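These numbers come from a predicted model, not from an experiment. Numbers restart at 1 for each chain; the letters A, B, ... are given by sequence-line order, proteins then strands.
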2 protein chains.
Amino acid sequence: MKMNDNSKNALGEILKQQRLRMSLTLRELTELSGVSASHLGRVERGERFPSASILRRIAKPLGFEEDELFTLAGYLSPQPPGIAEAHPVYSGRQLDPYVAKVLAEEPIEVQRAVLGILSMLKSIARSLIKENP
Amino acid sequence: MKMNDNSKNALGEILKQQRLRMSLTLRELTELSGVSASHLGRVERGERFPSASILRRIAKPLGFEEDELFTLAGYLSPQPPGIAEAHPVYSGRQLDPYVAKVLAEEPIEVQRAVLGILSMLKSIARSLIKENP
DNA sequence: CTTGACATTTGCCATTTGGCAAATTATAAT
DNA sequence: ATTATAATTTGCCAAATGGCAAATGTCAAG
């Protein structure tokens, strides 16, 4: 796979967002990780798929745990056998660890506001569906 | 590395021993894992180094935990911090339990989309601040 | 507008991975 | 010993990774 998969590129997006969140440039991440900036760029926009060793090198600079990144990349199955529930399971479904991590960095008011916005969006979506059958 | 490392080949040895312990032939392991026998053979005798996806596919058939094999291969640092705390606290802040509960009921794509929206709102907010000092 | 100093992307290519098929090497069974 | 049969190894090659250097994009200062 040359990874020209343009439609879905979850991993790249996540990596880019996290890099920006740490306000790092590709070059700075290169210095921290030893991975070339050109490659990092291609990975972020989904033109290359990062090998395990690459993930390992960029994990800590980006503030990820190694196994966290491996799981996001699909190298490791979610919920490794180690610890039963590191993250609580609500109503059969689960909160994505990455989402939890990012949201946890926001003040509580913002976290709550996010819920409000989500509920508004859902309501808007519902009324749109009624109009357009 | 073409893995012509003849002197020390820890991983290959381990894999071979474990395969024999399970009394599997290369071909049988191929059926269980979907990895070609020729490749498995080369990995065992150190002529190739297995990628993460290969390791993942042969882990369970050989009776290994995925992260165990990854660690043996050097992809994962030994003793990952996984066991730390059940409810990880990220960056000093914490995820509000109620927020976690509500979000956990949404599909993962929605959870991720929420992050995207949040990031857009923040960016809008920043630009508004720049305009109105 | 232009220059300079960045950051990101692209072109190119050496290296590696991993599969298929053919060759070789065990292992039995007669 | 001599086939038959299964197991491993080798030759070859398509596909992918990841680095370097050059091209391109971005943006603030003059």
Side-chain angles (χ1 to χ4, degrees), chain A residues 1-6 8-59 61-62 69-70 72-75, chain B residues 1-6 8-59 61-62 66 69-70 72-75 123 126-127 129-131 133:
Chain A
M1 257 172 283
K2 195 174 289 178
M3 255 296 114
N4 42 0
D5 183 325
N6 29 22
K8 285 190 175 188
N9 173 26
L11 184 57
E13 272 308 314
I14 290 174
L15 292 180
K16 177 162 195 176
Q17 298 228 359
Q18 190 67 8
R19 175 172 64 83
L20 296 179
R21 189 161 295 118
M22 314 285 273
S23 48
L24 293 174
T25 69
L26 287 175
R27 286 206 146 89
E28 288 168 325
L29 184 50
T30 291
E31 289 192 21
L32 293 174
S33 63
V35 179
S36 76
S38 61
H39 190 53
L40 289 173
R42 285 195 253 240
V43 165
E44 283 187 355
R45 76 192 95 100
E47 293 172 28
R48 289 283 195 286
F49 194 81
S51 75
S53 12
I54 296 290
L55 285 184
R56 188 182 203 278
R57 305 232 282 281
I58 63 177
L62 289 183
L69 259 196
F70 277 56
L72 285 175
Y75 282 141
Chain B
M1 262 173 278
K2 194 175 289 178
M3 256 294 115
N4 42 0
D5 182 328
N6 30 24
K8 286 189 176 189
N9 172 27
L11 184 57
E13 273 308 315
I14 291 176
L15 293 179
K16 177 163 195 174
Q17 298 229 358
Q18 191 67 8
R19 174 171 66 82
L20 296 180
R21 190 163 294 122
M22 314 285 272
S23 49
L24 292 173
T25 70
L26 286 176
R27 286 204 145 92
E28 288 170 323
L29 184 50
T30 290
E31 290 192 21
L32 293 174
S33 64
V35 179
S36 76
S38 60
H39 190 53
L40 289 174
R42 285 196 252 240
V43 166
E44 283 188 354
R45 76 193 93 101
E47 294 172 28
R48 290 283 195 285
F49 194 82
S51 75
S53 12
I54 296 290
L55 285 183
R56 189 182 202 277
R57 305 232 282 281
I58 63 178
L62 288 183
E66 288 178 9
L69 261 195
F70 277 55
L72 285 174
Y75 282 141
S123 138
R126 272 192 300 271
S127 55
I129 289 173
K130 275 187 192 167
E131 288 174 19

Worksheet item: CZ of Arg57(B) versus P of dT17(C): gap in Å, rounded?
Response: 15 Å
Discussion item. Keeping Arg42(A) on the side-chain end and Glu47(A) on the backbone end, is there a donor-acceptor pair under 3.5 Å?
Written reply: no
Worksheet entry | Among Lys16(A), Arg19(A), Gln17(A), side chain to side chain donor-acceptor pair (under 3.5 Å) partner for Glu44(A) | Arg19(A)
Worksheet, complete the sentence: Once base and sugar-phosphate atoms are separated, protein heavy atoms under 4.0 Å mark nucleotides 5-14 of chain D, 5' to 3', with B, S and - as --BBBBBB--
Discussion item. So which atom in Leu55(B) and which in Ala73(B) form the shortest heavy-atom distance, rounded to 0.1 Å?
Written reply: CD1-CB, 3.4 Å
Worksheet item: Can you tell if the side chain of Tyr75(A) reaches within under 4.5 Å of the side chain of Tyr75(B), non-hydrogen atoms only?
Response: no
Worksheet item: When all nucleic acid strands are considered with a 4.0 Å heavy-atom cut-off, which category describes Val43(A): base, sugar-phosphate, or nothing?
Response: nothing
Item to complete: Report the distance from atom CG of Leu29(B) to atom C1' of dG19(C), rounded to the nearest whole Å.
Response: 15 Å
Discussion item. Rounded to whole Å, how long is the line connecting atom CZ of Arg56(B) with atom P of dG18(C)?
Written reply: 14 Å
Worksheet item: Is there a side-chain contact between Leu62(B) and Leu29(B) (heavy atoms, below 4.5 Å)?
Response: yes
Practice prompt. Measure the shortest side-chain to side-chain distance between Ile58(B) and Leu69(B) over non-hydrogen atoms and say whether it is less than 4.5 angstrom.
Written response: yes
